[in-house]
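A short worksheet on the structure shown next.
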Amino acid sequence: MEQLPLQICYIETPLGHAKISGNEDGISSVSIVNTQEELSESIPEALLDCVIQLKEYFNTTRKNFDLKLHPEGTDFQKKVWKQLETIPFGKSISYLQLSKQLGDVKAIRAAASANGKNPLWIIIPCHRVIGSGGSLTGYAGGLYRKQWLLNHESEHKQQSLF
């Protein structure tokens, strides 16, 4: 079966520019880019719903995504990512809880590794997984972005003192 070419666009988010890749098979990746890529003037049809839903998320009018997803990964990574999708908006779990939900408490490192390889920033909410003591641990987009996302989803918004 021939694979369709990926379409790409760049959008502005409160956390920087995001790159979205996908095609008619689904969204394959959403990532924050640390370079100032030029924002897309037009959005490919296959990516339009993703752009709209991300904007709704940042505007606090969307808590759940309803998109056709097509991430690349191993079977185990896909199992972990599917489990991440069950974490409700505004909630978080520990890496230990995640490995227990996957059925193997000893798989904590493998689950954490798969979590870190999540190609669908925000849509598959890897930012909702934290350390057992409530600490923010590893986040590909930077811990300040993880903290921002958790605050954004919190019922009790933390106000900045400065």
Side-chain angles (χ1 to χ4, degrees), residues 3-4 6-34 37 43-44 46-104 107-132 134-154:
Q3 193 170 10
L4 298 168
L6 284 181
Q7 297 173 321
I8 296 172
C9 72
Y10 294 90
I11 64 167
E12 182 68 42
T13 78
L15 295 171
H17 291 180
K19 176 183 178 183
I20 302 170
S21 304
N23 55 31
E24 286 75 22
D25 291 336
I27 303 299
S28 56
S29 72
V30 176
S31 60
I32 197 78
V33 290
N34 289 319
E37 293 291 335
I43 307 297
L47 308 180
L48 193 55
D49 278 347
C50 184
V51 170
I52 290 168
Q53 290 187 32
L54 281 169
K55 287 183 184 207
E56 291 170 346
Y57 169 85
F58 284 116
N59 289 332
T60 66
T61 58
R62 175 171 292 277
K63 293 183 178 183
N64 299 299
F65 292 93
D66 182 23
L67 297 165
K68 185 177 178 185
L69 303 178
H70 190 67
E72 295 285 325
T74 67
D75 288 343
F76 180 75
Q77 287 170 336
K78 289 177 181 179
K79 181 180 176 184
V80 171
W81 301 336
K82 197 50 100 181
Q83 190 64 42
L84 293 174
E85 290 182 84
T86 68
I87 306 170
F89 182 94
K91 304 290 182 197
S92 60
I93 65 169
S94 70
Y95 289 98
L96 180 60
Q97 288 172 295
L98 176 62
S99 63
K100 284 180 181 176
Q101 290 173 359
L102 292 166
D104 185 358
I108 190 168
R109 287 182 190 259
S113 176
N115 189 50
K117 289 180 173 63
N118 169 23
L120 290 157
W121 180 61
I122 299 176
I123 295 167
I124 294 178
C126 59
H127 60 277
R128 295 180 189 155
V129 183
I130 58 176
S132 292
S135 63
L136 296 186
T137 57
Y139 189 66
L143 290 180
Y144 74 96
R145 286 187 177 113
K146 184 173 188 166
Q147 183 67 66
W148 190 97
L149 291 167
L150 292 172
N151 287 345
H152 176 72
E153 294 182 4
S154 174

Quick check for you: to the nearest 0.5 Å, what is the distance between [X] atom [atom1] and [Y] atom [atom2]?
X: Asp49; Y: Leu54; atom1: CG; atom2: CG; value: 11.0 Å
X: Leu149; Y: Ser154; atom1: CG; atom2: OG; value: 12.5 Å
X: Leu98; Y: Ile93; atom1: CG; atom2: CD1; value: 4.5 Å
X: His127; Y: Leu136; atom1: NE2; atom2: CG; value: 11.5 Å
X: Ile27; Y: Ile20; atom1: CD1; atom2: CD1; value: 6.5 Å
X: Lys19; Y: Ile11; atom1: NZ; atom2: CD1; value: 13.5 Å

Quiz item: Excluding sequence neighbours, so at least two apart, what forms ring-ring contact (aromatic ring centres under 6.0 Å, His included) with Phe58?
Solution: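 Phe58 satisfies ring-ring contact (aromatic ring centres under 6.0 Å, His included) with Trp148 once adjacent residues are dropped.
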Applying salt bridge (charged side-chain N to carboxylate O under 4.0 Å, His left out), can you list everything that pairs with [X], at least two apart in sequence or on another chain?
X: Glu12; result: none
X: Lys82; result: Glu85
X: Arg145; result: none

Quiz item: Tell me the ring-ring contact (aromatic ring centres under 6.0 Å, His included) pairs involving residues 60-99, sequence neighbours left out?
Solution: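 Residue pairs passing ring-ring contact (aromatic ring centres under 6.0 Å, His included), neighbours aside: Tyr57-Phe65.
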Exercise. Quick one: which residue pairs count as a salt bridge (Lys or Arg N to Asp or Glu O under 4.0 Å) with a foot in residues 134-143, not counting sequence neighbours?
Key: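 Matches after skipping sequence neighbours: none remain.
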Practice problem: Any salt bridge (Lys or Arg N to Asp or Glu O under 4.0 Å) involving residues 66-77? Give me the pairs, sequence neighbours left out, ordered by first then second residue. | Solution: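 As it turns out, there is no salt bridge (Lys or Arg N to Asp or Glu O under 4.0 Å) pair with a partner in residues 66-77 once direct neighbours are skipped.
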Apply side-chain contact (heavy atoms from CB on, under 4.5 Å) to [X] and list each qualifying residue two or more places apart in sequence or on a separate chain.
X: Asp104; value: Lys106, Ala107
X: Lys100; value: Leu96, Val105
X: Leu6; value: Ser21, Asn23, Ser28

Restricting to non-hydrogen atoms, name the atom on [X] and the atom on [Y] that form the minimum distance, rounded to 0.1 Å.
X: Ile32; Y: Gly141; value: CG2-CA, 4.1 Å
X: Lys78; Y: Pro71; value: CE-O, 3.5 Å
X: Pro44; Y: Ile8; value: CG-O, 4.1 Å
X: Ile130; Y: Ser135; value: CB-O, 3.5 Å
X: Ser94; Y: Val129; value: C-CG1, 3.9 Å

Quiz item: How about Val80 and Asn118: do any of their side-chain heavy atoms sit closer than 4.5 Å?
Solution: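 When only atoms from C-beta onward are counted, Asn118 and Val80 do not touch, as no gap falls below 4.5 Å.
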Practice problem: Check whether any side-chain N or O of Lys63 sits under 3.5 Å from a backbone N or O of Glu153 as a donor-acceptor pair, and report yes or no. | Solution: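 Here the side-chain-to-backbone pair does not exist.
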Exercise. For the pair Lys146 (side chain) and Thr137 (backbone), establish whether a donor and an acceptor sit closer than 3.5 Å, ignoring hydrogens and angles.
Key: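 Here the side-chain-to-backbone pair exists.
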Quiz prompt | Under the side chain to side chain donor-acceptor pair (under 3.5 Å) test, residues paired with Thr86 that sit two or more places apart | solution =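 Checked Thr86 against side chain to side chain donor-acceptor pair (under 3.5 Å); matches are Gln83.
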Exercise. Can you sort out the partners of Ser113 under side chain to side chain donor-acceptor pair (under 3.5 Å), two or more places apart, ordered by chain and number?
Key: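 For Ser113, the residues satisfying side chain to side chain donor-acceptor pair (under 3.5 Å) (neighbours in sequence not counted) are Lys117.
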Quiz prompt | Residues Leu120, Leu67; criterion side chain to side chain contact (heavy atoms under 4.5 Å, CB included); working and verdict | solution = CA-CA 11 Å; Leu120 290 157; Leu67 297 165; over 6 Å; no
